[in-house]
Amino acid sequence: MSEHFYVSTPIYYVNGAPHIGHAYTTIVADALARYHRLRGNEVFFLTGTDEHGLKVQRSAEAQNISPKALADENSAKFRTLFDRLSLSYDRFIRTTEDEHKQVVLAVLERMIANDDVYLGKYEGWYSASDEAFYAEDEIEDGKAKASGSAVEWVVEESYFFRLGKYQQPLLDWYRQNPDCIKPQGRYNEVVSFVEGGLEDLSISRTTFDWGIPWPKDPKHVLYVWVDALTNYISALGGFEGSSAYDHFWPCNIHLIGKDILRFHAVYWPAFLLSAKLEPPRCVFAHGWWLNRGEKMSKSKGNFIDAQELVESYDLDVLRYYMLREVPLGNDGNFAQERLIERNNAELADNYGNLVNRTIAMLGRFGQGKAPAATTGQEHEEDQALVEKALEAVSVVDEHIKQYELHRALEVIFQLSSELNLYLQRTQPWKLAKDADQAERLGQVLYNTLEGIRIVTLLLAAFIPDAALKVLTSLNAQDHSLASLSWGGLQPGVEIVAPAVLFNKLELPKEEPKQEEPAPKAKAEKKSKTKEEAPVEQIEFTDFQKVELRVGLIVSAERVEGSSKLLKLQIDVGEERPRTVVSGIAKSFAPEDLTGNRYAVVTNLKPAKLFGILSEAMVLAADKPDGTLELARFSDAIAPGTRLS
Ligand code: MSP
């Protein structure tokens, strides 16, 4: 049954240009929106710009233009960026729109009617850049502790909202709705903040005028957060008589950064309770992207500009990296090396290569048409594949419902790896040589293509451009996840190779080479081992992903030009020995190793070291004297034996 799914991003201040944080939240929202559309749900995806307030007024003054002109200019930058990122928002709201202002006043009217607003005097510390007041204990050296922004002492007549009255109703709401604030740590944080007591909140200003005038008292303008938060309802065309409101409210998820949690998880539900409207279903606070481990800020000038990101990377790669690298809710360090690694190993090698080689084989052995859909389920490996694919579909759905996007992607890529393994096991290139195996060849190719179709549909919300290319090339008309089952690929349809999916990227030249670390990196490596940084516990299935085998060293020689590296030929029980480049030359002479058996990791992605492709890794441990010892086996163990 189709459900409604409403996802919002914060509306962004127009006093500056979009940066990585803005792009990130909106990309996460976009992936969720796309996923729900593919599930057949009715989606409302809202984003936009927050255009009133002292911060914007001051920026405009500094540039000698009107606040509206600044808002027009910068709001357009956000919109252009989001369009350039192909973000599929349904509505881009601007708080300077008339319709929005009317709804804000209607909500305020209901708060007033509920006797929750009174005129008083405000004295306190105010940060214009955060548009927030701070208590004495939240200030240090003239700055707000939380944000580091400068504060100033302000005394003014102000309208107040009786926030204190909502302490208990809010606590009740949190308790009755344990999923209303996520992740759990943020929920706990908010509950304990509210348990500590709530002071009434100043909700008007008289010291500037760039805002919505207070009804019948226009020397006041409405506090920008009352104005801004209400966008989530005004974007639906209001609450009374709005069918969009009836349809979509309460919002399923307000996606926000952790710095604006209090506004969304305390003030906003309190305003809504006061106006007798339902609070949102979930406020999800994500973490920050850091630049080389540091918080980005205007004063440090280290913001990663969103426009630059868009110009530097393929959109799908950027989306994939951001969504896969950091669990939603955690901080993340933007590292180009990691983006490149993920692009090369996961997008290009795992998924892209699977698609390309399967379609190439179909061209060679199957006349470019999807084979007849004989399921081949009498074969154990086929049945296992079908089960894994269908299980992935439901596990991905579960992860997305929990907003664990990185886990959803992990599961999808595991399925892609399974398909690669399936090809390795069934070896269609060998089947093609034997006319008696024609039927089996058809089954194997059909199953692989069908698996690719499922992986691709699951990926469509995350990497929409590449997914569309693959679905088009598979001639897959139905892009819905709702009716996804095994066997959807039409037998006999023509299948053409897609345009290039992912190009391999290279690390920037100045990066030190992995095998010959620069002195500084070497020092860091040493101290890390000493400190024994705590290692996360893993599931057994994670461990199973590492393929450890006994390898017999058939030959060993020095790598010319390197004092550290040996080039080894290692028999791991396959047709031919693997070439392995290993940084052990300072501990072993080549002749020490030949004929011995050691533990080898055999499913690492091949990597080029000193121009030689290394296809496995020998396991070694540091000895106290700085040399290495290898994990060795006796001759009783056959090369290729798996370690478990
Ligand atoms: N206008 C308010 C939101 C009003 S919502 C009713 C606002 N705007 S903002 O432009 O300053 O920030 C928008 C979002 O960007 C916030 O969610 C904030 O957490 C997020 N980010 C700012 N820096 C960030 C990173 N470095 N990384 C990730 N997100 C970050 O606040």
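Counting convention: from 1, in listed order, for ligands and their atoms alike.
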*Would the Tyr232 and His264 ring centres measure less than 6.0 Å apart?*
yes
*Assert yes or no for the condition that the ring centre distance of Tyr126 to Tyr134 is strictly below 6.0 Å.*
no
*asked:* So is Gly287 touching ligand 1 or not, going by heavy atoms under 4.0 Å?
replied: yes
*Going by heavy atoms, is Tyr232 under 4.0 Å from ligand 1?*
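For ligand 1, residue contact (heavy atoms, under 4.0 Å) with Tyr232 is present.
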*asked:* Show the atoms of ligand 1 that are less than 4.0 angstrom away from any heavy atom in His19.
replied: 22 (C), 23 (N), 24 (C)
_Atoms of ligand 1, numbered as shown, that sit under 4.0 Å from any heavy atom of His286_ = 28 (C), 29 (N)
*asked:* Under 6.0 Å from the ring centre and within 45 degrees of the ring axis: does the NZ or CZ of Arg262 meet both conditions for the six-membered ring of Phe193?
replied: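 Verdict for Phe193: a cation-pi partner in Arg262.
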*Which option out of Phe334, Trp289, Phe303 puts a heavy atom nearest to atom 26 (N) of ligand 1?*
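Result: the heavy atom closest to atom 26 (N) of ligand 1 is in Trp289.
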*Does the protein put a heavy atom under 4.0 Å from atom 20 (C) of ligand 1?*
no
*Is it true that Asp72 and Arg94 make a salt bridge, defined as a side-chain N closer than 4.0 Å to a carboxylate O?*
yes
_Salt-bridge present (Arg162, Asp115; N to O < 4.0 Å)_ =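 Yes, charged N to carboxylate O under 4.0 Å.
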*Does His22 approach ligand 1 within less than 4.0 angstrom via side chain, backbone, both or neither, non-hydrogen atoms only?*
side chain
